[in-house]
Protein chains: 2
Amino acid sequence: MYSRRMSTSERLIESTRELLWERGYVGTSPKAILERAGAGQGSMYHHFKGKPDLALAAIRRTAEELLAAAEAVLTGPGTPYERIEAYLRRERDVLRGCPVGRLTMDPDIIASDELRAPVDETLDRIQELIAGIVEEGKELGQFGPRVDGEEIAATVLATVQGGYVLARASGSPAAFDAGVRGLLSLLRS
Amino acid sequence: MYSRRMSTSERLIESTRELLWERGYVGTSPKAILERAGAGQGSMYHHFKGKPDLALAAIRRTAEELLAAAEAVLTGPGTPYERIEAYLRRERDVLRGCPVGRLTMDPDIIASDELRAPVDETLDRIQELIAGIVEEGKELGQFGPRVDGEEIAATVLATVQGGYVLARASGSPAAFDAGVRGLLSLLRS
DNA sequence: GTCTATAGTACGATAGAC
DNA sequence: GTCTATCGTACTATAGAC
């Protein structure tokens, strides 16, 4: 349960963020959120219109945080290859999966344009960032002239998102790391 | 609703397969399964011990089908590169996601070793198949000598699984295709 | 083997006291 | 703002008739 120094609405959002990550939207009940936040039914319906509204606030915050973390490594120091490597190797709680990407497997998220939008925008922004870096690397002769920035960016993002799937299937982060190493070996050659 | 020429237990398994694909384990209720199968509560609890038992039968069948489809293209004709390309480009209902991989985002599947096992085994077998093909290609000089079969196989599988994530996030199969083209361009160079 | 009835709990939301 | 009480429905499972 969250500290009472946090406002009730903050505690609700943080509890929802955790539960969405752990159990997804369909698997997260208002009751579970309220228990974790240490709040009653009334508080939730005072601050939010309902479960979808609270989830939207939680998803937006998680999406912003993820984008900021990705931007931090991608716009950091180093050559284009090094920045992509830094993104691929950045610290991750692999077995927990991606707090944003996992939402795409939730039927109620996909059914709602409003809930899906932050997910789409976040992945799209990261892809654009990576695409720009690849194009930069091409000009420096670091990547072959025939590779396409947008496509490689999609591959990089997909390798990460799919790496989570392989890791969770096997119950070990090893498969995630293997996928990343494989991609880096291809980017190097 | 399924044809009555199928046995009740068959209809239950097929309905469960569909619903697991569409809504995941947590999002699939026995009631929804029974409605789709055109059966009553008693039938389900006669043929299966409960929701987890029925889901296990459904997951096993879906996993077998997926493995067979993957084996078909991977052991088909063509050079190692061509077989991997055939796997990556094989017909997929991209926006529906992977019926096996999507289960890794389900908390109740991950919490149960029994339900997770068919998922793990299926992805593992496909990875082994691809790894062997890559090693074969290395001997033929089709892939660089410094690439590792297991790693590239993880990258290939992750690109597919992550491609579904990107496609569902954007509501379009385009991102999946872009990721695949990016990976193929890297494998070629 | 299949059905309906029913159980007990949880779902998501509202009402109204404080 | 926050609480408890309550609503009507759905959840997973069991019982027992046919």
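Just so you know, these numbers use all the heavy atoms, side chains as well, and skip hydrogens, waters and symmetry mates. Each chain gets a letter, A, B and so on, in the order the sequences are listed, and its residues count up from 1.
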Can you give me the N/O atom pairs linking the protein to nucleotides 5-11 of chain D at distances under 3.5 Å, or say none if there are none?
residue : atom : partner : partner atom : Å
D:dC11  : OP1  : B:Ser29 : OG           : 2.9

| query | On the ring face of A:Trp21, is A:Arg102 found with NZ or CZ under 6.0 Å from the centre and within 45° of the axis? | reply | no
| side-chain hydrogen bond (donor to acceptor under 3.5 Å, both in side chains) partners for A:Arg61, two or more places apart | A:Glu10, A:Glu14
| If you check the B:Ser43 side chain, which of C:dC3, C:dG1, D:dA13 turns out closest? | C:dC3
| note | The reported gap from CG in A:Leu20 to CD1 in A:Ile33 (rounded to nearest 0.5 angstrom) is 6.5 Å
| request: To the nearest Å, give me how far apart CG (B:Leu34) and C1' (D:dT12) are. | output: 11 Å
| To the nearest angstrom, how far is B:Met44 atom CE from D:dA15 atom P? | 15 Å
| said: Using whole Å, what does the distance between atom P of nucleotide C:dC11 and atom CG of A:Asp108 come to? | reply: 14 Å
| said: Whether the side chain of A:Lys138 engages the backbone of A:Val147 through a donor-acceptor N/O pair (distance < 3.5 Å, no angle test) should be reported. | reply: yes
| said: Tell me whether the side-chain N/O atoms of B:His46 come closer than 4.0 Å to OP1 or OP2 in C:dC3. | reply: no
| request: Could you check how far CZ of B:Phe48 sits from C1' of D:dT12, rounded to whole Å? | output: 16 Å
Which atom pairs, donor and acceptor, lie under 3.5 Å between side-chain atoms of residues 174-189 of chain A and protein residues at least two apart or in another chain?
residue  : atom : partner  : partner atom : Å
A:Arg181 : NE   : B:Glu151 : OE2          : 2.7
A:Ser185 : OG   : A:Gly182 : O            : 2.7
A:Arg188 : NE   : A:Tyr81  : OH           : 2.9
A:Ser189 : OG   : A:Ser185 : O            : 3.2
A:Ser189 : OG   : A:Leu186 : O            : 3.3

| query | Does the cation-pi check pass for A:Lys51 over A:Tyr45, that is, NZ or CZ under 6.0 Å from the six-membered ring centre and within 45° of its axis? | reply | no
| query | So does B:Tyr45 get a side-chain nitrogen or oxygen closer than 4.0 Å to the phosphate oxygens (OP1/OP2) of D:dA13? | reply | yes
| note | Rounded to whole Å, CZ of A:Arg23 lies from C1' of C:dA10 at a distance of 13 Å
